[in-house]
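The block underneath contains the structure these notes are about, expressed in structure tokens.
Below, chains carry the letters A, B, ... as their sequence lines are ordered, and counting in each starts from 1.
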2 protein chains.
Amino acid sequence: MSKATIDDVAALAGVSIKTVSRVVNKEPNVRQVTREKVLAAVAQLDYRPNASARSLAGNRSYVLGLLYGTPSANYILDVQVGVLNLCRPQGYDLLIHPCVYRDENLVEDIVELVRQKRIDGVILTPPLTDHMEVLSELERLEVPFVRIAPTLNKELSPYVETNDQEAAYDMTGQLIAMGHRDIAFITGHPDHRAVAKRFDGYQAALKDRGIPFRPDLVENGLNSFASGEVCARRLLGRQPRPTAIFAANDDMAAAVMMVAHQQGIRIPDELSVAGFDDTPVAYQLWPALTTVRQPVQQMARKAAELLLKRLKGKDVPLPVGVLSSSLILRDSTGPLSGVAGS
Amino acid sequence: MSKATIDDVAALAGVSIKTVSRVVNKEPNVRQVTREKVLAAVAQLDYRPNASARSLAGNRSYVLGLLYGTPSANYILDVQVGVLNLCRPQGYDLLIHPCVYRDENLVEDIVELVRQKRIDGVILTPPLTDHMEVLSELERLEVPFVRIAPTLNKELSPYVETNDQEAAYDMTGQLIAMGHRDIAFITGHPDHRAVAKRFDGYQAALKDRGIPFRPDLVENGLNSFASGEVCARRLLGRQPRPTAIFAANDDMAAAVMMVAHQQGIRIPDELSVAGFDDTPVAYQLWPALTTVRQPVQQMARKAAELLLKRLKGKDVPLPVGVLSSSLILRDSTGPLSGVAGS
DNA sequence: TTGAAAGCGCTAACAA
DNA sequence: TTGTTAGCGCTTTCAA
């Protein structure tokens, strides 16, 4: 009973294998009685279609590939969950494929994956979303793909994005509204262009509020805690010292908080700190970190949805999903003590 | 050129397809000249064996399945990386399969995955490692599996484990050596038996050092930050107040630190805090958290290694891997101020 | 609405 | 050391 094939089912149900195939694949044009007969046989034999045979004959695998560089664990896991939640109920599984962005075998690895496993579709996360070589290779392979938060060549594929820039703009606006004028910014990793938009939002907010931009209050981080620490030390040495620091991600913001603690700078009384991403770290810090939450799971789910739609031929011309990030105001930001608000 | 088959290669190389198959699968008994001819043809045609055909004919898929409940993102990602590092170079890919431990479809889902995708082997992480129903189903399906940190029925499969209990023992010993006597413990989620061993280590250390066990200094957490917060408030209300709190994981330890901060209790002067896992949170907290680091990636790698060995028939009788955790002493623990060390 | 027959591209006996 | 011949279990024309 452990390995019934389509022939067994057909024999038991007294129909041809083609009919079994129709029923199993939920195709139309099968009489209700026939369908029921087949389903009964399927149940009785505990029949499971063999994915390999199906894949070989049908030239598709019911497997999606998830390609990612090495962003944070939480981000990736959220993406995985979001994608799986949508695609598993539809019979698709997920093959994961972490990549090293600067690896010379990057493209070759991907080609191998797609061609060998007959991957039906690919989902890309930053910074791979903007790796032109990868993108053109995927096009050459004619495998449909969808991108989460791409920044370049958006016409190349369906994609999902958030309003990062706007969120950074709003966060900066909040700080300004609290009375801050000397607001520093720690940028993200240069490979990670999505993160660059956050800096744009910061600059735009300053400009719109007529706050002079101080280049000495910008430090370039690499998304890591360690890089944030270096930036924080520099920024806290500037004169006049910034009264708020906005980091392009939570890890770097956490580093700012640590440096501030070490230097006896009180948060938020003497220094407000804001991050971006709302990682678990954010609420485990003390004081809890003000940050921006991206709906990562939903983005991934939406991306999977767009991809599956493509696979099923519903060829909507370049569908695009836009989801909103939200400000999470916690305790690490506040009005300057002894400073009047604006 | 995009879809050469084994026949094309055979034709171009002037050999039979069986010979091509031999070369591609690195089988012995092929003359060097022949091998080179074939490899040249493979390169020229950019031939990639079709995984589905291979799987169908050979009755195996070159895909491993990773089953996990919902432990932390970092843990899972480390496991994924560790497994992939070992299995990708050997031609195996990884299908991920997050499970809901208490879901009634749990077993059915797994059966479907294994049978449909013809998964060659399965890797289990806690708490699924101890889910008897899942285990016996896997046995019935006759799919080889390996477990990471199982606590029950260890004879059922190869497995990899660490010396959790010993590490907890050592950590407790450290606290005692620093002069602490009233050491509290926050236990982990009851489904997660691996975490229970940490409590055993704590108790053993107290006993061996002749420190009376105070049941009022034990609180039952659920591995989450929120549960840790509740436990911390209770523990810090006990009389006499504990001078150290050892939590079964970092998230709960982080909660202890937050509550201490809120109550104005200085760390480590008035309270030492220790965690377990060395998650990124640990060093982003202030003061940085003393904790225990498990070599998760290496464990996963080892697990994959044991599994692949099994698949290749080298049937070592129940191989077992044991790796060591290490204490990471940071700033959240220290001698009591004004209290003489032991 | 149903079925018959022909592969999909490979591996696995078995021969030679 | 190499080749021949069957399938693996499905999907897909194309007929009926």
### Task
State, with a plain yes or no, whether a side-chain heavy atom of A/V322 is found less than 4.5 Å away from one of A/M299.
no
### Query
Just wondering, do B/V15 and B/T34 contact through their side chains at under 4.5 Å, heavy atoms?
yes
### Message
With heavy atoms of chain A within less than 4.0 Å as the criterion, where does contact along DNA chain D begin and end?
### Response
D/dG9 to D/dT12
### Summary
With B for base contact, S for sugar-phosphate-only contact and - for none (protein heavy atoms under 4.0 Å), nucleotides 6-16 of chain C reads -BBBBBBB---
### Task
Could you check if a side-chain atom of A/V134 sits within less than 4.5 angstrom of a side-chain atom of A/L138, using non-hydrogen atoms only?
yes
### Query
Would you say B/I96 and A/L84 make side-chain contact, with heavy atoms under 4.5 Å?
yes
#### Entry: Electrostatic pair B/E108:A/R48 at N-O distance under 4.0 angstrom
yes
### Task
Report yes if the side chains of A/H97 and A/Y68 come closer than 4.5 Å at any heavy-atom pair, otherwise no.
no
## Note on the structure
Residues passing the ring pair (Phe, Tyr, Trp, His ring centres under 6.0 Å) test with B/H131, sequence neighbours excluded, are B/Y101
